[in-house]
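Report on one structure; see the data block that follows.
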2 protein chains.
Amino acid sequence: MADSSTQVRPGGRSAKVRAAVHRAVAELLAEEDAETLTLPAVAARAGVHPTTLYRRWGSAAQLLNDVATSRFTGDLVVPDSGSLAGDLQRWLADVVTDVADPDTLALMRATIGSGPAGGCACVEDRHRQLGAIIRREQDRGGTALDVETAADFLLGPLYYRAIFTPEPASADWARTLVSTYLATLRTP
Amino acid sequence: MADSSTQVRPGGRSAKVRAAVHRAVAELLAEEDAETLTLPAVAARAGVHPTTLYRRWGSAAQLLNDVATSRFTGDLVVPDSGSLAGDLQRWLADVVTDVADPDTLALMRATIGSGPAGGCACVEDRHRQLGAIIRREQDRGGTALDVETAADFLLGPLYYRAIFTPEPASADWARTLVSTYLATLRTP
DNA sequence: AAATTATCGCACTGATCATTGCGTTAGTGG
DNA sequence: CCACTAACGCAATGATCAGTGCGATAATTT
């Protein structure tokens, strides 16, 4: 103990409590609205004492942020089909499948309402993945693309529909999105 | 009193209370996060007794929904510049200006978290306006366009950036959005 | 102007949330 | 195996929220 006074201890029990709490948040969010997501309610569902939640997370907003971060990072693998079109098609199809889950959507909506005003944990990893796909295309000798513009045309309509409109996003609609975006690249 | 037992009374006092409450909600949302938006807090800010809020709105979610509905309906006029491109350019610029306001954005984010899972009061009027623009173009003899697709390409990137990314939407970026969308119509 | 009643303020109560101090359990390193 | 301490459970407290009955105010009608 040369430097730090706080020594993290991620062994069995803490991890088990954390997993139970995360699962309880997901379940409660899927059942009822985000208004009733209080720390005592989560604790009762997870079989954990409320004091633990107050100490580890402090508030419902921070807990939601933690759940969303661990839920939306590292869940999708960046495909490598050999072409930009193939990579985008497969990746966006995976994103559509992910967003199509009502529980995932509920977590996203709740996170938007309680998270910080700029940036959201729901899409940070998506932007990284899109950047990786574009960088790979550039390494193959393809044209250098702007990540922001690609996100505008691919993630924009997808998340807009998921959050604001009741109609779900289908897989072939996502394919149309990709081909339209690629068409705009050829005709500036 | 032939039919109804409840008789609405929108005269002076009720309207004044309603306006004060709406203003208090907007102020509190602009200052702090949506977590602390409780009915007693709104009542204290508005100078109204909390009982009134419990009776008229019932919960913070319903109050938020009411505020958002009256805030996002009828605030923009549908332009009539003579051409589809001009109408879309001017209208989307107005939408950008509207979303650029931090207070408006805070109200949108809070409404997403507390509103019903399908559809949001923030965009319902936007869809109606976009439908009116497209219908007018069709009356002029132009091509019949799909409202959903137009919303995907215009409102999608705009609201996606506003909610998920910290970077603001500029006016000329909105112009790029419109011209790109119009370009995709000519090259299917 | 008088009667009617929707709406609001006030006081009060029960329920739930947020927080703290203390003892216990169980990972972690020697 | 033993000492150490991070992490948890428990009990108790103050604060705030949610809800109710009743009288007062003011908008609306006759």
Side-chain angles (χ1 to χ4, degrees), chain A residues 1-25 27-29 31-67 70 110 113-115, chain B residues 1-25 27-29 31-67 70 110 113-115:
Chain A
M1 58 178 74
D3 48 352
S4 171
S5 59
T6 59
Q7 178 178 350
V8 76
R9 183 181 292 188
R13 190 168 63 164
S14 291
K16 204 168 297 183
V17 166
R18 181 183 148 96
V21 168
H22 278 217
R23 186 168 354 107
V25 168
E27 289 178 9
L28 286 178
L29 238 51
E31 293 175 5
E32 42 212 320
D33 53 354
E35 299 296 314
T36 61
L37 194 80
T38 64
L39 291 193
V42 175
R45 175 62 66 101
V48 177
H49 205 271
T51 313
T52 302
L53 301 187
Y54 283 111
R55 283 203 234 272
R56 285 190 61 167
W57 287 280
S59 70
Q62 291 175 305
L63 173 59
L64 258 177
N65 206 5
D66 182 35
V67 172
S70 72
S114 71
Chain B
M1 58 179 75
D3 49 349
S4 172
S5 59
T6 59
Q7 177 176 354
V8 75
R9 183 183 292 189
R13 189 169 63 164
S14 292
K16 205 169 295 184
V17 166
R18 180 182 149 98
V21 168
H22 278 216
R23 186 166 355 105
V25 168
E27 289 178 7
L28 287 178
L29 276 178
E31 293 176 4
E32 42 210 316
D33 51 355
E35 300 297 314
T36 62
L37 194 80
T38 63
L39 291 192
V42 175
R45 175 63 67 102
V48 178
H49 206 271
T51 311
T52 303
L53 302 187
Y54 284 110
R55 282 204 235 272
R56 285 190 59 168
W57 287 280
S59 71
Q62 290 175 306
L63 172 58
L64 257 178
N65 206 6
D66 182 36
V67 172
S70 72
S114 70

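Excluded from the calculations below are hydrogen atoms, water molecules and symmetry mates; all remaining heavy atoms, backbone and side chain alike, are included. In what follows, every chain begins at residue 1, and chains take the letters A, B, ... in the order their sequences are listed.
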B:Glu27 side, atom CD; B:Glu32 side, atom CD - distance, nearest 0.5 Å: 11.0 Å

Rounding to an integer number of Å, can you tell me how far A:Trp57 CH2 sits from C:dA18 C1'? 17 Å

Could you measure the distance from the CD atom of B:Glu31 to the CZ atom of B:Arg45? Nearest 0.5 Å is fine. 4.0 Å

Start with the C-alpha distance between B:Thr38 and B:Val42, add both sets of side-chain angles, then the distance that settles side-chain contact (heavy atoms from CB on, under 4.5 Å), and finish with yes or no. CA-CA 6 Å; B:Thr38 63; B:Val42 175; over 6 Å; no

Under 4.0 Å, heavy atom to any atom of DNA chain D: which of residues 38-45 of chain A qualify? none

To the closest 0.5 Å, what do you measure between OG1 (A:Thr51) and CZ (A:Arg56)? 13.5 Å

note: A:His49, atom NE2; D:dA11, atom P; distance rounded to Å ~ 7 Å

Answer yes or no: does a side-chain N or O of A:Arg56 lie under 4.0 Å from OP1 or OP2 of D:dA6? no

Spacing of B:Leu37 atom CG relative to D:dA18 atom P, expressed in whole Å: 11 Å

Could you walk me through whether A:Trp57 and A:Val21 pass side-chain contact (heavy atoms from CB on, under 4.5 Å), step by step? CA-CA 11 Å; A:Trp57 287 280; A:Val21 168; 3.9 Å; yes

Using whole Å, report how far NZ of B:Lys16 lies from P of D:dA26. 10 Å

Side-chain heavy atoms of B:Leu28 within contact of B:Thr36, under 4.5 Å: no

Worked check of side-chain contact (heavy atoms from CB on, under 4.5 Å) between B:His22 and B:Asp66: CA-CA 9 Å; B:His22 278 216; B:Asp66 182 36; 3.1 Å; yes

How close or far is atom P of D:dC17 from atom CD of B:Glu35, stated in whole angstroms? 13 Å

Separation of B:Arg18 atom CZ from D:dA27 atom P, in whole Å? 17 Å

Evaluation steps, side-chain contact (heavy atoms from CB on, under 4.5 Å), between A:Thr52 and A:Arg55: CA-CA 5 Å; A:Thr52 302; A:Arg55 283 203 234 272; 6.0 Å; no

Within the sub-3.5 Å range, which N or O atoms of nucleotides 19-24 of chain C have a protein N or O partner, and how far apart are they?
| residue | atom | partner | partner atom | Å |
| --- | --- | --- | --- | --- |
| C:dG21 | O6 | A:Arg55 | NH2 | 2.8 |

